[in-house]
Protein chains: 2
Amino acid sequence: MNARMDGQGTKGRGGRSTIVDVAHRAGVSKSTVSLVLSGSSLVAEATRERVTEAMATLGYIYHRGAATLRGAKSGVIGMVINDLSNPFFVEMAIGIEEACQVGAYIPFIANTVENPVRQLQVVRSMREHGAAGLVLSPALGTPVAELKPLLSGMPVVQVMRRLAGLKTSIVAPENKDGARRATAHLIASGHRRIAFVGGFDSMVVRQDRFAGYRLALEEADIPFDASLVFETMTNYAGGGAVVPQLTNLREPATAALCFNDVVAIGLMRALAASGVAVGREFGIIGFDDIEEARHTVPALSSVAVNARALGTRAVQLLMRQLASGDFEPETILCPTTLVIRASCGTALSAPSNSEARTEAKSKD
Amino acid sequence: MNARMDGQGTKGRGGRSTIVDVAHRAGVSKSTVSLVLSGSSLVAEATRERVTEAMATLGYIYHRGAATLRGAKSGVIGMVINDLSNPFFVEMAIGIEEACQVGAYIPFIANTVENPVRQLQVVRSMREHGAAGLVLSPALGTPVAELKPLLSGMPVVQVMRRLAGLKTSIVAPENKDGARRATAHLIASGHRRIAFVGGFDSMVVRQDRFAGYRLALEEADIPFDASLVFETMTNYAGGGAVVPQLTNLREPATAALCFNDVVAIGLMRALAASGVAVGREFGIIGFDDIEEARHTVPALSSVAVNARALGTRAVQLLMRQLASGDFEPETILCPTTLVIRASCGTALSAPSNSEARTEAKSKD
DNA sequence: GCAGAAATTTGGAACGTTACAAAATAGGTA
DNA sequence: TACCTATTTTGTAACGTTCCAAATTTCTGC
């Protein structure tokens with residue numbers, strides 16, 4: 001209408017070229033460009049080509065913000081992970097990504113570093129950016145009351161962990177059953193003084209695993225001894241930290257079920273450093289079966305949680321809800337596998353637990 | 001103007017409440033709400049409180065898409081990482097996050113799994129979502145021609161790796177110098193047949209490290225022998241794969257500088273499995289100094305690259321450019337440290353290299 | 001060559017936000 | 001009280017996109 005703009009580019013002044021610029025260049029209306037963008041079959045092949053070409057030469061970039069304004073779905077799934085320095089969660093994140101990819105969603109990861117404040121920021125930010133849904137592995141000590149309003153109206157799947165007061169879909173391993181089987185294995189190998197090491201009582205996951213541990217004791221008529229339970233950080237250092245108390249028990253423990261592999265490895269290293277022959281004198285079973293468990297000396301027995309599968313299932317559930325529009329909470333429990341290696345010392349006398357898997361030495 | 005809407009909520013029908021709903025509820029105009037949102041000092045304290053309260057009760061969520069439409073900056077930094085299953089890059093990612101946090105930016109991570117196609121998708125998606133800048137650790141084999149147009153007009157820092165034809169800011173370790181010092185250490189310990197293991201010639205990082213290796217040989221007047229150079233995948237398996245050829249050399253090698261720690265550990269395990277006493281019979285030095293290097297048996301000597309610092313510096317640079325609006329490419333090289341442990345067997349006879357650090361046994 | 005159908009294309013009018021200029025209100029002072 | 005200055009508040013016009021109804025073009029069969 002008014003004077004025509006400067007030669008090439010014809011950008012909308014902000015540097016970024018718009019759908020209108022493209023339309024101009026291709027000699028069509030912006031509606032047509034929009035149609036091309038959405039892959040509509042209405043537009044004629046020749047036109048489509050002309051438009052596509054114009055987009056390429058102008059370096060057009062789709063402005064998703066403008067689109068969501070009109071109600072378009074963003075195609076982004078937010079994944080909020082508590083601790084990416086833990087290889088277990090990394091593995092889970094990879095599973096999440098894989099599943100997103102097949103569903104044509106793009107995952108944006110945020111690492112909360114177990115910091116509830118940061119988690120709040122990050123969830124809000126994802127929300128503001130129009131994420132279609134969230135996969136959440138919540139930080140420890142998350143204040144549910146503050147988090148909840150940020151999640152309303154969008155599908156959320158809590159994976160691996162779950163918050164006490166937050167009613168969303170959940171994908172988690174069968175923690176209780178896994179811990180029960182691991183403990184039963186130790187018992188069947190002759191242990192009766194079995195410690196439970198790692199985590200804090202406030203963690204729901206620990207509650208589950210701990211419950212499995214107690215259940216196995218109960219089933220074997222072994223009295224529960226609270227002095228065998230050690231709360232500690234869930235990292236290498238945490239595992240190492242309990243050694244002084246563990247070795248100073250009046251009635252010594254002969255084995256330990258650890259909250260996770262990282263704790264188990266920390267414990268194993270510290271015990272070895274203080275002269276205890278792990279595997280022969282002391283049995284250890286971890287939880288999660290991270291990659292490293294295969295490479296420690298002795299190799300660590302562990303309750304295998306398929307982290308990748310966990311992530312994958314979570315996204316599949318989320319995508320299903322997204323597709324159906326029905327966000328009704330749903331819970332999926334994934335089975336675990338007891339993997340017997342050298343650290344529990346008793347591979348030979350392994351009981352007839354059909355669900356246990358003893359790894360061949362040559363497997364590595 | 002027309003009939004008033006239904007009681008509570010008064011949402012804009014899409015479920016999400018808007019600035020207008022808030023304004024209505026607080027009895028002010030939407031302009032005022034916008035002012036409150038941006039923390040302007042123009043608005044009276046009483047009004048601000050009323051508005052804030054209205055936002056809380058309505059569960060208002062800021063629509064960043066609408067804001068960017070008006071030219072607002074998004075406050076998001078995209079971080080595109082080639083491989084999050086590699087602990088080195090995870091550590092770097094954590095550094096990136098930390099730095100983002102202090103700068104009040106929110107990082108969104110995307111893992112490209114070394115897949116250039118996925119990388120393209122992910123970069124485009126970040127762009128579409130209005131990321132203010134990008135920290136990029138590019139995937140191997142990235143087609144620069146396709147990537148370049150997606151990056152125009154936004155500040156980008158390549159970290160750790162760099163693409164041959166892509167002119168952006170760069171933050172990288174002093175690869176050449178680190179490799180030179182590590183090789184010199186092996187030479188000073190009496191080795192003359194030193195292999196270079198891992199990576200492919202197309203990787204710029206490997207070119208740098210390889211150049212340092214050759215420089216050290218040259219400085220010691222040791223002729224270069226191409227049969228000592230092994231190209232292989234940069235993972236555990238890659239390191240293990242070279243053992244057959246390595247042990248079948250006419251003139252055997254007595255030591256190896258590896259492209260990175262993961263390769264070195266793979267090599268170490270495979271050598272140990274075939275009966276070679278690493279540390280005594282064969283010296284190995286890795287690169288990156290990942291956490292695991294401290295825990296292998298024997299402990300792995302390595303050229304320490306401070307991954308976290310690398311990430312931090314990259315973001316700092318990016319934020320500086322974002323603040324100044326000057327996106328002129330800049331290169332930052334971070335120094336490396338040679339960490340001598342047991343795997344190169346010669347800690348005792350360590351040369352007078354003032355920059356080398358020999359780790360005390362008690363350090364662990 | 002024409003009506004009717006089918007295939008394409010096209011103007012707006014939103015969507016939720018911000019910036020700007022202008023309006024309203026409050027606070028002093030003569 | 002009337003006037004001037006600060007202090008607050010508010011319409012209005014974008015921003016780049018999609019959607020819908022309506023307009024235009026291209027095909028059919030006669």
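In what follows, chains carry the letters A, B, and so on, assigned in the order in which the sequence lines appear, proteins first and then strands, with residues in each chain numbered from 1. Keep in mind that what you see is a predicted model, and the values were worked out from it rather than measured. Worth knowing before you read on, the calculation uses all heavy atoms, side chains too, and leaves out hydrogens, waters and symmetry mates.
The CD1-P distance, from Ile19(B) to dG16(C), rounds to 11 Å in whole Å. Distance Lys30(B) NZ to dC15(D) C1': 13 Å, rounded to the nearest Å. Atom OH in Tyr62(A) sits about 19 Å away from atom P in dC15(D), given to the nearest Å. Atom pair Arg16(B):CZ and dT17(C):P shows a separation of 8 Å (rounding to whole Å applied). A straight line from NE2 of His63(A) to P of dC15(D) spans 12 Å, rounded to a whole angstrom. Spacing between atom CZ of Arg127(B) and atom P of dG16(D) amounts to 14 Å, rounded to whole angstrom units. When the C1' atom of dT10(C) is taken as reference, atom NE2 of His24(A) falls 14 Å away, rounded to whole Å.
Heavy atoms only, all atoms of each residue included: Ala131(A) and Ser74(A) are closest at CA-OG, 3.9 Å. Nearest heavy atom pair, residue Tyr60(A) against residue Thr18(A), reads CE1-C, 3.7 Å.
Contacts classified as salt bridge (charged side-chain N to carboxylate O under 4.0 Å, His left out) and involving residues 144-160 of chain A (residues at least two apart or in different chains) are not found. Listed by first then second residue, pairs satisfying salt bridge (charged side-chain N to carboxylate O under 4.0 Å, His left out) with a partner in residues 74-84 of chain B number zero, not counting sequence neighbours. Applying the side chain to side chain donor-acceptor pair (under 3.5 Å) definition to pairs two or more places apart or across chains, those involving residues 30-53 of chain A are Ser29(A)-Thr32(A). Applying the salt bridge (charged side-chain N to carboxylate O under 4.0 Å, His left out) rule to pairs touching residues 127-138 of chain A yields Glu128(A)-Arg64(B), sequence neighbours excluded.
Taking for each of Ser29(B) and Tyr60(A) the nucleotide of DNA chain D with the nearest heavy atom, the 5'-most of the two is the partner of Ser29(B).
Of the residues in residues 37-50 of chain A, those lying under 4.0 Å from DNA chain C by heavy-atom distance are Leu42(A), Val43(A), Ala44(A), Thr47(A). Annotation: proximity of residues 64-74 of chain A to DNA chain D (heavy atom, distance under 4.0 Å) is found for Ala66(A), Ala67(A), Leu69(A), Arg70(A), numbered in ascending order.
Residue Ser34(B) places none of its side-chain N or O atoms closer than 4.0 Å to OP1 or OP2 of dT17(C).
One end of the helix from dG1(C)-dC30(D) to dA30(C)-dT1(D) points its axis 40° away from the other end's axis, with each axis taken from 5 pairs and the angle rounded to 10°.
Every residue meeting the side-chain contact (heavy atoms from CB on, under 4.5 Å) condition with Leu317(B), not counting sequence neighbours, appears here in chain and number order: Val157(B), Ser169(B), Val171(B), Arg320(B), Gln321(B), Glu330(B), Ile332(B). Under the rule for a side-chain contact (heavy atoms from CB on, under 4.5 Å), the partners of Asn82(B) that lie at least two apart in sequence or sit in another chain are Phe89(B), Thr112(B), Glu114(B), Ser137(B), Arg161(B). The side-chain contact (heavy atoms from CB on, under 4.5 Å) check on Leu147(B) picks up Gln119(B), Leu120(B), Val123(B), Leu136(B), Thr142(B), Leu151(B), Leu163(B), Leu166(B), with sequence neighbours excluded. Contacts of Val117(B) classified as side-chain contact (heavy atoms from CB on, under 4.5 Å), with partners at least two apart in sequence or in another chain: Asn115(B).
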Without placing hydrogens or testing angles, list every side-chain donor-acceptor pair under 3.5 Å for residues 102-110 of chain A, not counting sequence neighbours.
none

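For Thr32(A), the listed nucleotide lying nearest its side chain is dT10(C); candidates were dT10(C), dT18(D), dG16(C).
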